[in-house]
Amino acid sequence: MNNSDKDIRFYRTKERIITAMIDLLKVKSFDQVTVKDICEKATISRSGFYLHYIDKYDLVEKYQLEFMTYVNQLIEESSKENLSMEETMIQLLYYFKEEGQLLGLLISNKGSVEIQDQMKRVFQQNALKNVIPHINLSLKNDVEKHYLVTFFSNAMFGIFQEWIHSGQKEKPEELVQILTKFIPYKLV
């Protein structure tokens, strides 16, 4: 077997693990899912799982890192292309809808509080870096900035969770159009 075949098998196993976790989270909470469950659902050995991940938390962390790396790249590219915040949000929602099924389940009521808190921190970091600098609002000090970041990121996270929970019925364009009505200040 050459290296190319090994690479393909490696990535297929990883895809099977992710798919198994998605399928399991549709019927169980994250806390109830075990590595044994994942291996059985993915029809792989435990050693096959452990070639990729230390445990289910490592699986989730690596998945989130890959997902957020892509999201950050998308935001940077949007900035270089001078896309509006609305256009960028639409692209992000489409990407999430196509590639973020596991993340959606992890931040749903099937996920865990720890994962939700971690995602809130990611939302806060992204708001601080990519949204707050574009808001035309004079802030007097770091305390006001902190609470604006907290307000904005938690509001967006809550809307994002609700969109997922309700089955993503609205198209990304519709959701962004709704969101822009709620924002009482202008994005530069």
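Heavy atoms only: backbone and side chains are in, while hydrogens, waters and symmetry mates are out. Note that the numbering runs from 1 along the sequence shown for the chain.
Residues K145 and L128 are in side-chain contact: their nearest non-hydrogen atoms beyond the backbone lie under 4.5 Å apart. Looking only at side-chain heavy atoms (C-beta outward), Y94 and E173 come within less than 4.5 Å of each other. Using a 4.5 Å heavy-atom cutoff, the side chains of F67 and L102 are not in contact. For the pair L25/M21, a side-chain contact is recorded, criterion being any heavy-atom separation below 4.5 Å from C-beta on. Between L59 and I17, some side-chain heavy-atom pair lies under the 4.5 Å cut-off. Proximity of F96 to Q101: side-chain heavy atoms (C-beta onward) are nowhere separated by under 4.5 Å. In this structure the side chain of V143 reaches within 4.5 angstrom of the side chain of Y147, judged on heavy atoms. Looking only at side-chain heavy atoms (C-beta outward), Q124 and H146 stay at 4.5 Å or farther from each other.
Taking CD1 of I44 as the reference point, atom NE2 of H52 lies at 6.5 Å (rounded to 0.5 Å). Distance CD1/I22 to CD1/I38: 11.5 Å, rounded to 0.5 Å. Here NZ of K97 is found 14.5 Å from CG of L92. Values are rounded to the nearest 0.5 Å. Here OH of Y95 is found 9.0 Å from CD of Q73. Values are rounded to the nearest 0.5 Å. Considering CG of D23 and CZ of R16, their distance stands at 12.5 Å, rounded to 0.5 Å. Note: E76 CD to E81 CD = 12.0 Å, rounded to the nearest 0.5 Å.
No donor-acceptor pair under 3.5 Å is formed between the side chain of E77 and the backbone N or O of L74. Side-chain N or O atoms of W163 include one that pairs as donor or acceptor with a backbone N or O of E170 at under 3.5 Å. Using a distance-only test at 3.5 Å, with no hydrogens or angles considered, no donor-acceptor pair links the side chain of E162 to the main chain of G158. In terms of modelled atom types and a separation under 3.5 Å, the side chain of S108 and the main chain of L105 share a donor-acceptor contact.
Taking a cutoff of 4.0 Å between a charged side-chain nitrogen and a carboxylate oxygen, E66 and K14 qualify as a salt bridge. A salt bridge does not link K56 with D37: every distance from a Lys NZ or Arg NE/NH1/NH2 to an Asp or Glu carboxylate oxygen is 4.0 Å or more.
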* Can you check side-chain contact (heavy atoms from CB on, under 4.5 Å) on I107 and F160, steps first, answer last? -> CA-CA 9 Å; I107 63 173; F160 191 57; 3.6 Å; yes
* Tell me, with the steps shown, if V35 and Y50 meet side-chain contact (heavy atoms from CB on, under 4.5 Å). => CA-CA 9 Å; V35 170; Y50 292 122; 3.6 Å; yes
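What you find for I90 and P172 is that their closest heavy atoms are O-CB, 3.9 Å. Of all heavy-atom pairs between S45 and C39, the closest is O-SG, 3.8 Å. Among all heavy-atom pairs drawn from K169 and E174, the shortest one is O-OE1, 4.4 Å. Taking each heavy atom of Q116 and L106 in turn, the nearest pair found is CG-O, 4.3 Å. Pairing each heavy atom of T13 with each of G48, the nearest pair is CG2-O, 4.3 Å.
Applying the 6.0 Å contact sphere to CG of L65 captures more than 12 heavy atoms from other residues, nucleotides or ligands. Shown here is K110, whose NZ atom has more than 12 heavy atoms of other residues, nucleotides or ligands within 6.0 Å. The environment of CG in N141 is crowded: more than 12 heavy-atom neighbours from other residues, nucleotides or ligands sit within 6.0 Å.
For Y57 and F30, the gap between ring centers is short of 6.0 Å.
Both V176 and I159 sit in one connected hydrophobic cluster of ILVMFWY residues. Membership requires side-chain heavy atoms under 4.5 Å apart, directly or through other members. Using a 4.5 Å cut-off between side-chain heavy atoms of Ile, Leu, Val, Met, Phe, Trp and Tyr, with links allowed through other members, Y70 and M89 fall into the same hydrophobic cluster.
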